[in-house]
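There's a structure below that I have some questions on.
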Amino acid sequence: MRAGAATAVVLMSGPASAWGDALTPESGGSPNADQIDSLYKIVLYVAIAVFVGVEGTLVYFLVRFRARRGRVAAQIHGNTRLEIGWTVAAALIVVGLTIVTFAKLGAITNPASGPVAVAAPIAPGGVTAAVAQPPAGQAALRIRVMGLQYIWRFEYPNGVLAYEEMVVPTNTTVLLDIVSEDVAHSWWIPKLGGKADALPGYTNHTWFRVARPAVFRGQCAELCGRNHADMIAHVRAVPPDRYQAWLAGQQREIAQARRLARQARPDQTSTPSRP
Amino acid sequence: MAITRPSVRRRPRPEIVARRVSDPPPGWLGWITTTDHKRIGILYLVATFGFFLLGGTEALLLRLQLGAPNNNLLSPEKYNALMTMHGTTMVFLFVVPVWAGFANYMVPLMIGARDMAFPRLNALSFWLLLAGGIVFYASLFFSPPEAGWTSYSPLSTGDYIPGNGQDAWIYLVHLTGLSSALGALNLIVTIKNMRAPGMGWGRLPLFVWAVLTQSVMLVVVLPAVAMAATLMLTDRHFGTCFFSSACGGSPLLYQHLFWFFGHPEVYIMILPGFGVISEVLPVFARKPIFGYKAIAASTVGIALISMLVWAHHMFTVPVAPVVLAFFMIASMLVAVPTGVKVLNWVATLWRGTIEFTTPLYFAAGFLAMFTLGGITGVMLAVYPIDWQVHDTYFVVAHFHYVLVAGSVNAILAALYYWYPKMTGRAMSERLGKLSFWLTFAGFNATFLVQHSLGLSGMPRRIYRYEDLGNWAILNQISTAGSFILALGVLVTVYNAVRSLKRGRRVGPDPWRANTLEWFVPSPPPPHNFDAIPRVRSLEPMRDIRRTIEQATGESQTRCASEPVGPKAGHAG
C-alpha cells in the first residue's frame, strides 16, 4: 500500500515545480493530510476513467452520427439490459468508493503512533468524527484553538497563550480542541489535514503530527466577516528542546507582562470596571 | 343490503372555459394585468434574464478584484456584499424562476391545456417574485447584506455586520419562496388534471416530468428555508435565541434547516434543465429518447435521494461519525440516477442523424461539462476529501460546473429551442454558435483552474489573497475567462433582442419536433388550441406528421441533405 502510494506521489508530482501538485490536495506535513491525499488519488483515478469514458463516447457519437446525406436515424427506444447494466455499474463504483473510504478512514482520523517527545497526559475528551481518541497510554500535546474575528488564539496546557502562530514540537501528536467565541470560523492548515469548523458553543477536534521542523500556512475557511481573508494562521514545528525553550520564554514574558500590569494598576484585582 | 359497485365513470377533463372574452388592454397595462400563462411566462423570462445580467455584472466585479493578488479595487465590505448579491441573485432570482418562466409558457402547451389551472394565482406568483427582487436590490441604496447567500448564523444574526441588509435577504427569501411555492402548486394541479386526452403518465413529455418533480420538491423543501429565515428574523429583532449557543440555541440548527432546503434547491435548479436536454436531444438526433422510463424514473429517484443528502454541506462541523457515513453514501447514491440519465442521453445520440443546431450545441455542451460537475460532486461526497476541499475554490468550481455549465447551458438550449415558438421568429444560428463557443471557452477558462486553486489551499469568499504558489496566475486566467463568458452571454442577449424584429419568420414547427407545443401557431393564440388533439404516443407531432403524410402523400420527414435549422421548417 505504502509503496503504491509512494509511486503515486512520484507520478503525480512529476517535474519539480509548483504545478506538480496542481491536481491533488496539499500534503506532506502530517500523516492525516498524506492519507487524505492518497485516498483522493484513488478517487481521482476512478473519476478520470469515468470522465474519459463518457466524454470519449459523447464526442465519438457526435462526430460519427452527424446528419449526412442518405443516413437514416435508427428508431431505437431503449435497451433494458444495457440500462440495467450501467445502473449496476454506477452502483458498484459507489460501493467500491465507500469501501475504499472506510478502509482509509482509520489512518486519517486516528492520531499516528510513534515516539513521544513531549509527555503530557491527555485529558479525557470527546471522540468525534475527525479525530478518534489516540491509543491508551500514548501521550500527546493538547492545544485549545479559539477562533476570534479575525485572529486565531492558541491556549497551551500550562496556560501559555499565543496568537496567529502556533509553535509545536516535532514528532509529537498534537490534538486540537477547536472553539469559537463569536461567529463560525474554520481551522485549516492544508498540509496538516482537513478542516474543522469552529462554532460557538461546540468543541471540534482534529490532530496532526509533524516529522521535521517546518512552517505551515493556513487560513480561516468559513466566512467570518469583512476581514475573513486576513485571518491567517501559521504552525511552526520545532525540535522538542527548542519548543520547551519557547514555552518557557512565553511563560516568562506572560508573567512579566502581568507583573508590569499589576505595578501600573495595583488595585486591578479589586476594580470591577475591568472590561 | 346489496352493495352496489361504484360505477366506473369517466371524469370530465378540467378545462379553462371562457364565458366572456375581451381583448386585453393594449400596451403595458395589458402586460401588468395579464393572466395568460404565455404572457406571464414572457414576464418571468424578461425579468429573470435582467437579474441574470445583474448577477453576472456582480460576478465580473468580484473577478476583477481577484484578478491580482493583494488587490484593492473593492473594500472587504463591498466584496462581501457583491458576493452575497451574486449568489442570492443567481439562485433565487435567476435559475429557479427562469425555469418557472419556461414552465409557465411551455407546460400548458406541451400537455394540451388552454392555460394554467389557476391563472390569477399564476400572475400573483410572478409579481411576488418581482417584489422580492426589488426589495432585495433596494438594499443597495441602504446597506446590502454581507453574510453570503447561505447567511450562516451567528454572522447573520448577531451584531457582526452593521446595517440591516440581512433583513432584505430575509424578505427576498420569503417573497421568492412564496412565489415559487404558489407557482409549483399551480403547475402540479395543471399537470395532474389538464393533460390532453390520451396523455397518460407514460406519454408525458420528459420536460413536464421534470417540472412536475421539481414542483413537488419545491413544495416539500421551501418551508424549511422559510422557517430558517423566520427564526433568523426573530433572532435579529425580537430577542429570540434560536441560533445562538449563548442562550440555548444552536448555530447548527440554522445550517440543518438551510441545507435541508439548500441541497434539494440544487436539483430544483437542474431538474428542468435535465428535462430540456431530454426534449432537445431526440429532436435533433431524429430519434426517440433512449429509455424514456429510465429517465422519468431517475428524475423521481434524484428528487427522493436529494432530500436526504443535505448534511454533506456540513462535513466539517462537529457531528457524529454515523452522520458522516450516512450522508456520504446518500450523496454518492444520487450519482447513480444522474449517471443513468447521462448515459441515456449519450445513447440517444447513438445511431441518430445529429443536426448541429444551436440548441443541440448547448445540449451537447451541457452533457460534456455537467458530467465533470457530477464527477467532482462524487469526490466531494467522500468526506475525508471534503475536509480538505470544503469551502475552497474546488467547491466553487464544482457548483459552477453544475449550475452554469449545467443549468445555464440548458437554459440557453431552451431559449434557442423555444424562442421561435414564443415569437414566431428564429434566432440567428450564426450568432448562436458564436455565443456557444464563447461561453464554452470562457466558462472552462474561468472555472477549470479553480479546481486547482482550491486544491492548493485557496478558501472561497476571501476578498484578497497573498501571492502564493500559483494563485496569482490561476486567478488571472479565471478573471480573463469570466469576461469571455460574459461576452458569450451578451451575444445571446443581443441575438434575442435583434431577432424580435429581424429574425426569420417561422411556422408552427420549425424544428420538426415531437411534442404538442409545436402543433399550435408560433406565437400561439391566447387560447392556445382551437381543438386539442388526442395523444397516441410520446411523440404526438410525429404521429400528426405521419397522418398528414398518409393523407396528402407529401413527405413530412426531413432528408438528411437538407440544410438544418429553422430554414428547413415547413411553413405550416
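Letters A, B, ... are given to chains in the order of the sequence lines, protein chains preceding strands, and every chain is numbered from 1.
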| said: If the condition is side-chain contact (heavy atoms from CB on, under 4.5 Å), which residues does B/Ala81 pass it with, not counting sequence neighbours? | reply: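 B/Ala81 satisfies side-chain contact (heavy atoms from CB on, under 4.5 Å) with B/Pro144, B/Glu146 once adjacent residues are dropped.
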| message | What's the separation between atom CH2 in B/Trp387 and atom CD1 in A/Ile108, rounded to the nearest 0.5 Å? | response |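 Rounded to the nearest 0.5 Å, the CH2-CD1 separation comes to 7.0 Å.
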| message | One thing to verify: whether B/Lys293 and A/Glu83 come together as a salt bridge, which I'm taking to mean a side-chain N less than 4.0 angstrom from a carboxylate O. | response |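 Salt bridge: no.
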| task | Heavy-atom pairs under 4.5 Å with chain B are the metric here; pick the option from A/Ala33, A/Ala90, A/Ser180, A/Ala74 that has the most. | result |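 Greatest number of close heavy-atom pairs with chain B: A/Ala74.
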| message | Could you report the tightest heavy-atom contact between B/Ser250 and A/Tyr202, atom names first, then the distance? | response |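 Taking every non-hydrogen atom into account, OG-OH, 2.7 Å.
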| Contact part of B/Met328 toward chain A, heavy-atom cut-off under 4.5 Å: side chain, backbone, both or neither? |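 Looking at B/Met328, just its side chain touches chain A.
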| request: Side chain from CB out, backbone as N, CA, C, O: work out which of these in B/Ala368 comes under 4.5 Å of a heavy atom of chain A, or both, or neither. | output: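 The answer is both parts of B/Ala368.
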| Whether B/Phe394 and A/Tyr40 hold their rings parallel, tilted or perpendicular, with breakpoints at 30° and 60° |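 Correct class here is perpendicular.
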| request: Could you check which of A/Leu82, A/Asp230, A/Ile232 has the highest count of heavy-atom pairs closer than 4.5 Å to chain B? | output: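 Of A/Leu82, A/Asp230, A/Ile232, A/Asp230 has the most heavy-atom pairs under 4.5 Å with chain B.
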| query | With no hydrogens and no angle check, is any side-chain donor or acceptor of B/Gln388 less than 3.5 Å from a backbone partner on A/Ile36? | reply |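 Not at all, since once roles are kept as given, no pair shorter than 3.5 Å links the two residues.
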| said: Please check this pair: side chain of A/Asn204 against backbone of B/Thr316, looking for a donor-acceptor N/O pair closer than 3.5 Å. | reply: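 Pair found, side chain donor or acceptor close to backbone of B/Thr316.
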| field | Atom pair OG1/CZ of B/Thr348 and A/Phe61 - distance to nearest 0.5 Å | value |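 Rounded to the nearest 0.5 Å, the OG1-CZ separation comes out at 10.5 Å.
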| task | Nearest 0.5 Å please: distance from the CG atom of B/Leu333 over to the OG1 atom of A/Thr98. | result |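 Going from CG on B/Leu333 over to OG1 on A/Thr98, the span is 8.0 Å.
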| Part of B/Val389 within contact of chain A (heavy atom distance under 4.5 Å) |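 Interface part for B/Val389: backbone (N, CA, C, O).
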| Who among B/Tyr463, B/Tyr465, B/Trp350 has the most heavy-atom pairs with chain A under 4.5 Å? |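 Greatest number of close heavy-atom pairs with chain A: B/Trp350.
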| field | A/Val72 portion near chain B, given a 4.5 angstrom heavy-atom threshold | value |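 The answer is the backbone of A/Val72.
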| field | Most chain A-contacting option - heavy-atom pairs closer than 4.5 Å, from B/Lys287, B/Met83, B/His451 | value |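 Most heavy-atom pairs within the cutoff with chain A belong to B/Lys287.
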| Any idea which of A/Leu62, A/Ile178, A/Val50 has the most non-hydrogen atom pairs under 4.5 angstrom with chain B? |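 Top option by heavy-atom pairs under 4.5 Å: A/Leu62.
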| said: Main chain of A/Pro200, side chain of B/Ser245: is a donor-acceptor contact present, judged purely on distance under 3.5 Å? | reply: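 Pair found, side chain donor or acceptor close to backbone of A/Pro200.
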| task | Please examine the side chains of A/Val183 and B/Tyr152, heavy atoms only from C-beta on, and report whether any two atoms are closer than 4.5 Å. | result |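 The answer is no; the side chains never approach within 4.5 Å.
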| task | Could you verify whether a donor N or O on one side chain and an acceptor N or O on the other, from A/Thr101 and B/Tyr383, lie under 3.5 Å apart? | result |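 Note: A/Thr101 and B/Tyr383 side chains miss the donor-acceptor criterion.
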| task | Determine the option with the most heavy-atom pairs under 4.5 angstrom with chain A, choosing from B/Leu343, B/Val340, B/Val336. | result |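 Highest number of heavy-atom pairs under 4.5 Å: B/Leu343.
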| message | Test of understanding: with side-chain hydrogen bond (donor to acceptor under 3.5 Å, both in side chains), list the residues that count as partners of A/His77, not counting sequence neighbours. | response |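 For A/His77 there are no side-chain hydrogen bond (donor to acceptor under 3.5 Å, both in side chains) partners, ignoring immediate neighbours.
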| Which one, A/Ala198, A/Gly201, A/Ala73, A/Cys220, leads in non-hydrogen pairs under 4.5 Å with chain B? |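 Sorted descending by pairs with chain B, the first entry is A/Ala73.
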| task | Identify whether the distance between the nearest side-chain nitrogen and carboxylate oxygen of B/Asp386 and A/Lys195 falls below 4.0 Å. | result |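 Between A/Lys195 and B/Asp386 there is no salt bridge, as every charged N stays at least 4.0 Å from the carboxylate O atoms.
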| With A/Phe65, the side-chain contact (heavy atoms from CB on, under 4.5 Å) member among B/Thr353, B/Ile354, B/Leu349 |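 Looking at B/Thr353, B/Ile354, B/Leu349, the match for A/Phe65 under the side-chain contact (heavy atoms from CB on, under 4.5 Å) is B/Ile354.
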| message | Under a 4.5 Å cutoff for heavy-atom pairs, which residue among A/Val54, A/Asp182, A/Asn227 has the most contacts with chain B? | response |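 Between A/Val54, A/Asp182, A/Asn227, the count favours A/Asp182.
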